[in-house]
2 protein chains.
Amino acid sequence: MIRKKRTTLDDVATLAGVSAITVSRAIRHPEMVSEKVRAQVESAISELGYVPNPAARMLATGRSNMIGVVVPSVTNNVFSDVLRGIYEIAGIADFDIQLANTRYSPALEDKALRLFAAQKPAGLIVAGIDQSEVSRDILANIDCPVVQIMETGPDPAGFCIGLSHFDAAHAGTRHLIEQGYTRLGFLGARMDPRTQRRFAGFRAAAEEAGAYSEQRVVTTPEASSVTKGAALLADLLAQEPTVDAIFCNNDDLALGALFEAQRRRIRVPDQLGICGFNDLEMMAAAEPPITSVRTYRQDMGLRAMQTILSCVDNGPVTPTTIDLGYEVMARQSTARQRG
Amino acid sequence: MIRKKRTTLDDVATLAGVSAITVSRAIRHPEMVSEKVRAQVESAISELGYVPNPAARMLATGRSNMIGVVVPSVTNNVFSDVLRGIYEIAGIADFDIQLANTRYSPALEDKALRLFAAQKPAGLIVAGIDQSEVSRDILANIDCPVVQIMETGPDPAGFCIGLSHFDAAHAGTRHLIEQGYTRLGFLGARMDPRTQRRFAGFRAAAEEAGAYSEQRVVTTPEASSVTKGAALLADLLAQEPTVDAIFCNNDDLALGALFEAQRRRIRVPDQLGICGFNDLEMMAAAEPPITSVRTYRQDMGLRAMQTILSCVDNGPVTPTTIDLGYEVMARQSTARQRG
DNA sequence: TTGTACGCGTTATCAT
DNA sequence: ATGATAACGCGTACAA
């Protein structure tokens with residue numbers, strides 16, 4: 001049986017024998033209503049299965065409890081972890097999350113932000129710091145807390161919670177050098193701005209140590225995957241067989257590279273050191289365990305949400321930048337026999 | 001500079017020198033408006049950067065262009081693929097996706113559906129067929145197309161797009177038997193209803209071949225991961241070292257099991273056959289490549305969206321069930337030397 | 001503590 | 001082809 005009309009505040013009010021506004025108050029500010037009335041209202045609500053109409057609420061208040069989240073990919077493990085952090089808080093704090101997937105397209109990002117802006121969100125979480133002019137403009141003028149995650153950088157559009165990918169990649173590369181590797185290679189996919197900065201970090205560290213060669217850099221604009229990691233390593237070996245360690249754009253590539261090395265009976269870490277980026281769960285479980293630069297992705301989601309919540313509660317706060325840092329998780333894949 | 005008031009239909013109307021309702025029509029039914037007026041309106045819209053207020057629209061029409069998606073996890077690769085399919089269509093068809101994460105909790109699923117129902121969605125996509133009584137009730141009474149994905153089963157709540165996990169697991173297990181393995185084991189994590197049905201499929205096939213033993217079944221209620229796969233295999237080997245092949249709940253476990261086997265110098269596939277479930281991208285790239293039962297997850301998301309779109313366009317259609325099937329991707333991890 | 005009047009931005013309905 | 005009016009469900013401001 002289909003109920004044609006949804007139950008409204010008025011229905012509840014009638015059943016409870018009070019006026020609509022009283023019901024509204026009983027829901028939002030229970031302390032402003034007498035004990036007795038509150039009980040009547042509550043039982044009426046559950047009897048009717050009343051749920052407030054978010055659209056009407058938004059129209060009346062001019063704001064929603066929606067938090068818009070803009071990410072470039074939903075398939076990537078990296079963002080799944082961020083989302084987990086976000087939903088963790090969203091659940092307990094009763095916020096609606098609306099996810100926009102830009103697929104690494106600035107145009108789609110503009111579109112998503114424009115749509116969000118029209119909905120008076122309680123907050124906005126956007127991945128990365130490479131928004132277009134248009135997007136920056138929307139973010140600058142919107143009347144809600146904005147949190148950029150994944151990365152820290154100059155001139156943030158609001159709050160910023162992330163890390164320096166340049167530094168993190170630099171540290172991972174330093175680790176390779178400290179392990180005694182001298183002919184470093186780089187495997188990269190997608191090559192979006194964030195990836196580029198990781199590459200820059202690699203390059204800087206490698207050059208400082210005289211371990212860099214353009215011949216040992218292999219990249220593709222396509223999305224990263226384990227399969228692609230294997231293919232890129234194959235390309236690299238064809239081009240410069242003397243490479244003795246690789247820094248990978250991310251963990252998928254690193255895992256694929258490990259598999260390819262195994263296929264070719266290349267000994268890891270002795271003949272080839274492998275370092276990934278992000279430290280996905282599987283890195284530690286691999287055989288050999290793969291060294292990776294750990295990032296705190298779930299924490300970024302968590303903190304982004306907490307930031308927004310505290311703005312909602314305490315009114316506007318001056319935006320801050322939080323650097324969550326990174327950690328080089330040294331494992332067997334780079335544990336070269338010294339000497 | 002912060003614009004205090006958002007631009008409304010009236011603003012556009014004033015600038016264009018027409019009335020609000022005309023602007024509304026120019027947007028939704030351009031063919032009902034004269035060429036001249038349409039041009040004026042369009043230029044006014046882009047000059048003001050007008051974006052319709054979805055809340056007001058919803059309040060007026062009683063329906064939204066939101067599609068609610070209910071999944072038990074956002075971290076799991078399996079659902080990421082489904083989401084990719086969904087967002088692919090959502091982008092081009094201008095639907096808002098709202099994602100609810102139930103974390104495998106029926107109570108959270110009820111809550112999510114109730115909230116969605118209050119928003120008059122254009123459609124609902126829910127993962128799985130194991131909804132609670134409350135949820136089934138909501139789905140039965142809601143006035144929009146409902147699509148259950150991931151799995152087919154009796155008594156669907158609406159459209160149903162998936163596969164029989166029992167059959168798929170049965171087929172994967174048959175494959176192991178056909179390869180000559182006779183002492184089959186099972187690795188399982190989470191053990192939600194869908195997983196249970198996969199186990200049932202495994203068990204049925206194994207028993208039919210006299211290859212089943214309860215001693216070779218190792219499961220955990222915790223979430224699956226590569227690490228967990230390694231741990232479960234270790235448990236299994238401690239308990240029943242004679243196992244000669246394992247069917248894994250999913251690919252994460254399979255990969256972890258492979259790593260653990262490598263650590264112990266157990267030869268795959270000769271000493272131990274490994275079969276996963278879902279056929280994530282990395283399975284084919286592993287060394288050795290891992291056999292897995294392929295499912296069509298992105299396609300499920302895609303088709304679920306298309307189903308909803310066609311309902312929106314063509315009015316109510318009688319719900320159907322689509323079985324997308326599965327395919328056993330036989331690879332080296334089960335390519336045992338015969339004889 | 002509780003109630004009344006009005007407005008939020010849009011669309012449906014009924015004119016013109 | 002275009003416009004006036006009411007209504008959607010709720011919250012704010014003010015009143016009782």
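Quick note on labels: first sequence line is chain A, next is B, and so on, each numbered from 1. Because only heavy atoms are used, hydrogens play no part in the values below, and waters and symmetry mates are left out as well, while side chains stay in.
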**Item:** 5' priority, DNA chain D, between B/E31 and A/Y50 [closest heavy atom]
**Value:** B/E31
**Distance test, side-chain N/O of A/R28 to OP1/OP2 of D/dT12, below 4.0 Å** = yes
**Fill in**
When rounded to whole Å, the CG to C1' distance for the pair A/N53 and D/dG11 reads 13 Å
**Message:** With a 4.0 Å cutoff (strictly under), does any side-chain N or O of A/S19 reach OP1 or OP2 of C/dT2?
**Reply:** no
**Message:** Could you tell me how far apart A/M32 (CE) and D/dG11 (P) are, to the nearest whole angstrom?
**Reply:** 13 Å
**CA sep, side-chain torsions, deciding dist, call: B/R136, B/D155, salt bridge (Lys or Arg N to Asp or Glu O under 4.0 Å)** = CA-CA 11 Å; B/R136 300 286 294 200; B/D155 189 29; 3.1 Å; yes
**Prompt:** Side chain of A/R63, base of D/dG11: donor and acceptor closer than 3.5 Å?
**Reply:** no
**Prompt:** Whole-Å distance between C/dT10 P and B/N65 CG?
**Reply:** 14 Å
**Item:** Smallest separation among heavy atoms of B/A44 and B/A16, with atom names
**Value:** CB-CB, 4.1 Å
**Message:** From CD1 of A/I27 over to P of D/dG11, roughly how many Å is that when rounded to an integer?
**Reply:** 7 Å
**Message:** OP1 or OP2 of C/dT2 versus the side-chain N and O atoms of A/S34: is any pair under 4.0 Å?
**Reply:** yes
**Request:** Could you check how far CG of B/L59 sits from P of C/dT10, rounded to whole Å?
**Result:** 12 Å
**Prompt:** Do the side-chain N or O atoms of A/T61 get closer than 4.0 angstrom to the phosphate oxygens (OP1, OP2) of D/dG11?
**Reply:** no
**Item:** For atom NZ of B/K120 and atom P of D/dC8, their distance in whole Å
**Value:** 12 Å
**Message:** Checking B/S105 against B/R103: is there a side-chain donor and acceptor pair closer than 3.5 Å?
**Reply:** no
**Request:** Check the distance between C/dT11's P and B/R25's CZ and give it to me in whole angstrom.
**Result:** 11 Å
**Prompt:** Taking the side chain of B/T22 as its heavy atoms from C-beta onward, which of D/dT2, D/dG11, C/dT10 lies nearest to it?
**Reply:** D/dT2
**Prompt:** Is it true that the side chains of A/R63 and A/T61 contain a donor and an acceptor less than 3.5 Å apart?
**Reply:** no
**Prompt:** Does a donor on one side chain sit under 3.5 Å from an acceptor on the other, for B/D192 and B/T195?
**Reply:** yes
**Request:** Report the residue (B/A60 or B/V33) whose heavy-atom-nearest nucleotide on DNA chain D is the more 5′ of the two.
**Result:** B/V33
**Request:** Using a 4.0 Å heavy-atom cut-off across all strands, classify B/I21 as base, sugar-phosphate, or nothing.
**Result:** base
**Prompt:** Could you state the NE2-P distance from B/H29 to C/dT11, rounded to the nearest angstrom?
**Reply:** 9 Å
**Prompt:** Should A/T8 be listed as having a side-chain N or O under 4.0 Å from OP1 or OP2 of D/dG9?
**Reply:** no
**Request:** Considering just the side-chain nitrogens and oxygens of B/S24, establish if one lies under 4.0 Å of OP1 or OP2 belonging to C/dT11.
**Result:** yes
